[in-house]
Amino acid sequence: MASFLILVHSSNYACQSSRSALKYAESVVNNGHDLKAIFFYQEGVCHANTLSSIPTDELDTTTGFKQLNADHNIPLLLCVTAADKRGIIDDQQALEQAQELKQAHGNVDPAFTIAGLGEMATIAAVTDRLVQFK
Amino acid sequence: MIEFDSKSYDTDKHGYLLKLDDWNEALAEHIAGLENITLSDNHWEVVHFVRNFYQEYKTSPAIRMLVKAMAKQLGADKGNSMYLYKLFPKGPAKQATRIAGLPKPAKCI
Amino acid sequence: MKTIAIINTQSPFNTPAGRDSLDLALIFGAFEQPVTVIFLGDGVYQLLDGQNPEAIDTKDYLSTMKAFELYDIEHIVCGLDDMKNRGISVNKLSMPVEALPNAQIGELLNTFDHVITM
């Protein structure tokens, strides 16, 4: 058994690599390995945006990642800086900016957690394999 | 937007000055007041430090970077987060850069 | 502890790759994991000295690379063949860099626990 950390760099709609990442993550888990976390960086943070809608005849990888989180407690972590730049914020951040935004709700799917590169580096430091999908 | 001395200064939505050149020491005192901080010599040292840091590295130092850089230049007494948090209780990097008229530092570095 | 290699393959200002990569290097440095930063292909343009990104209204993240030393990131490597192909000599670079023949960089990469490509 080996431990894994997966980095997803591209969005959920623009790139095959999002699907590859999901398939890879499922394989890691199904083969009894320890998937420590999936970290979404750069455009990858778009996976967590509840305001995006994918046509029903296209594969919605976010659903697959959420399933991994629900079934196996795999943490889905977002880089806070990358998410901020792309307008993806959680409820707490929305509250802090409620006056400016004229709304008090964030748009991060609750299966995802806003984190930072620090969390990613901490996990990488104790993980056998780091695998990127770009 | 910050109103001070019958002038108004543009800010981002977190209250950080948009223009580096708008900054002066009187304005810094005013922004510190908004953060409930009265600037002592020790505060000023940090404020000037982060401004100089920005000139050289072209980035607002986040907390880890600030601690490292301060330790290197001013020694471990001042380059540690306990000292800095005493001066800037709500986050040294966040508050010192705002008072120094710099952009908000990245959260995750 | 894990040894980390971060490979830069893109020119400095077309995409944020170089800047995001720098954040990665600094965070691993901050957590005291030994980091080697490698510049390959068009990534070597990130090392050219005397660039003026403000002239194209772009943030000058290249100056932030000076922070490598704050985090004891001292091992900076670039592809010698990539430099030659682009007509860049080592004395045109903004920092001390070890230029290795590209074939040797392949061997070097085998020595790290994690390799991240940007």
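The two residues M65(B) and L70(C) come nearest to each other via the heavy atoms CG-CD1, 4.4 Å. Between Y71(C) and K68(B), the shortest heavy-atom distance links the atoms CD2-CE, 3.9 Å.
Other residues, nucleotides and ligands contribute at most 12 non-hydrogen atoms within 6.0 Å of the CG atom of N14(C). Sparse packing is recorded around CG of D41(B), with 12 or fewer heavy atoms of other residues, nucleotides or ligands lying under 6.0 Å away.
One N or O on the side chain of K59(C) and one on the backbone of K58(B) form a donor-acceptor pair closer than 3.5 Å. Not one N or O on the side chain of T59(B) forms a donor-acceptor pair closer than 3.5 Å with the backbone of T64(C). Judged purely by atom type and a 3.5 angstrom limit, K66(C) uses its side chain to pair as donor or acceptor with the backbone of E56(B).
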Requested in this report: For side chain to side chain contact (heavy atoms under 4.5 Å, CB included), just list the numbers for R64(B) and I27(C), CA-CA rounded to whole Å, side-chain angles, deciding distance to a tenth of an Å, and then say yes or no.
Outcome: CA-CA 9 Å; R64(B) 292 187 194 95; I27(C) 201 77; 3.6 Å; yes

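Only the side chain of F31(C) has a heavy atom closer than 4.5 Å to any heavy atom of chain B.
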